[in-house]
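Single-structure report; data block below.
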Amino acid sequence: MLRRRTVERLAAARQPRTNPHCRDASGLPCDGRLRLLSFNIQVGIRTESYRHYLTRSWQHLLPHAGRAVNLQRIGDLLADFDLVALQEVDGGSLRSDYVNQVEHLAQLGNFPYWYQQLNRNLGPLAQHSNGLLSRLQPTELEDHPLPGPPGRGAILLRFGAGREALAVVMMHLALGARTRTRQLAYIRELVGDYRHLVLMGDMNTHARELLEHSPLRDLGLLAPQIEATFPSWRPQRCIDHILLSPGLALERVQVLRQSISDHLPVAVEVRLPEHLGRNTLPQPRP
């Protein structure tokens, strides 16, 4: 019988890992724009129809040559962004040919900072994880297991200090509504009274539910995109989101039509308040 490793996870401060091969750690573009992407990559499996859940299900357990090709496509896509939230990433096991996919995508996309959040440890068979890729060095990074059955987590990033800091939470929420409500209540407590806030990830529910009927409803967040993101070959459900506080000016939003997972990636570009960009985030090198 397959046994899950049951070491209890606790919320903790962490440090991002660095990519020694990165050629560019220049920080925020001088125009104050920040390019965000959230993507559930389904451990690098390309799914183009419902039947592939059956015919390609073995790829969740065993390595295959096409995964490296698909990860290269994903890496090419990510290279255009400053801050990326990844869901359903493998941290280095048999099925990924012992490649830490977060680290690998940091290298492919030329990101100076990355972090792997291990949420379900099945030893050599699977390392179920969330991932962070960033061109900006966070002031603080916290790893939070979410309430409910083990296997879900959130990553909290802070850029700057105090109430004027930019807080970013990356997450992968539960399928069940009751558990998801508990997780959102936890995240609501986590973000406190930050004025500048981004919540991003696979939230497994629609934007209206998040903004009007969940524990997030008093935050005044905006959901700039309402296009369906799942399944990627015939999108019907809008469950992948980047939610923004009103002080972050929206420049562009797009659901990218890329058939390289069973989800479509969500991209948002925001312009930060001038004081936030100037005083909080790293600036380009001269």
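- Under a cutoff of 6.0 Å and an axis angle of 45°, R135 and F111 form a cation-pi pair.
- A salt bridge between R95 and D90 is present, with a side-chain N of the basic residue lying under 4.0 Å from a carboxylate O of the acidic one.
- Just one of N130, N40, T229 meets the side-chain hydrogen bond (donor to acceptor under 3.5 Å, both in side chains) condition when paired with D202; it is N40.
- Residues meeting the salt bridge (charged side-chain N to carboxylate O under 4.0 Å, His left out) test with R158, sequence neighbours left out: E140, E142.
- For S214, the side chain to side chain donor-acceptor pair (under 3.5 Å) test picks out no residue, with sequence neighbours left out.
- Checking E164 against H196 by side-chain atom types alone, a donor-acceptor pair falls below 3.5 Å.
- By the rule that hydrophobic residues join a cluster once side-chain heavy atoms approach within less than 4.5 Å of another member, V270 and L136 end up as members of one cluster.
- Residue pairs meeting the salt bridge (Lys or Arg N to Asp or Glu O under 4.0 Å) criterion with at least one member in residues 54-65, sequence neighbours excluded: E48-R56.
- Applying the ring-ring contact (aromatic ring centres under 6.0 Å, His included) definition to pairs two or more places apart or across chains, none involves residues 74-108.
- Between Y186 and H144, the two ring planes are perpendicular [angle over 60°; tilted spans 30° to 60°].
- Transitive grouping of hydrophobic side chains (ILVMFWY, heavy atoms separated by less than 4.5 Å) keeps I155 and V169 in distinct clusters.
- Here ring-ring contact (aromatic ring centres under 6.0 Å, His included) pairs that include residues 197-225, with residues two or more places apart or in two chains, number zero.
- Applying the salt bridge (Lys or Arg N to Asp or Glu O under 4.0 Å) rule to pairs touching residues 214-235 yields R188-D218, E227-R257, sequence neighbours excluded.
- In the hydrophobic clustering of this structure, V43 does not group with I41; members are Ile, Leu, Val, Met, Phe, Trp, Tyr whose side-chain heavy atoms approach within less than 4.5 Å, directly or through other members.
- A salt bridge between E269 and R33 is present, with a side-chain N of the basic residue lying under 4.0 Å from a carboxylate O of the acidic one.
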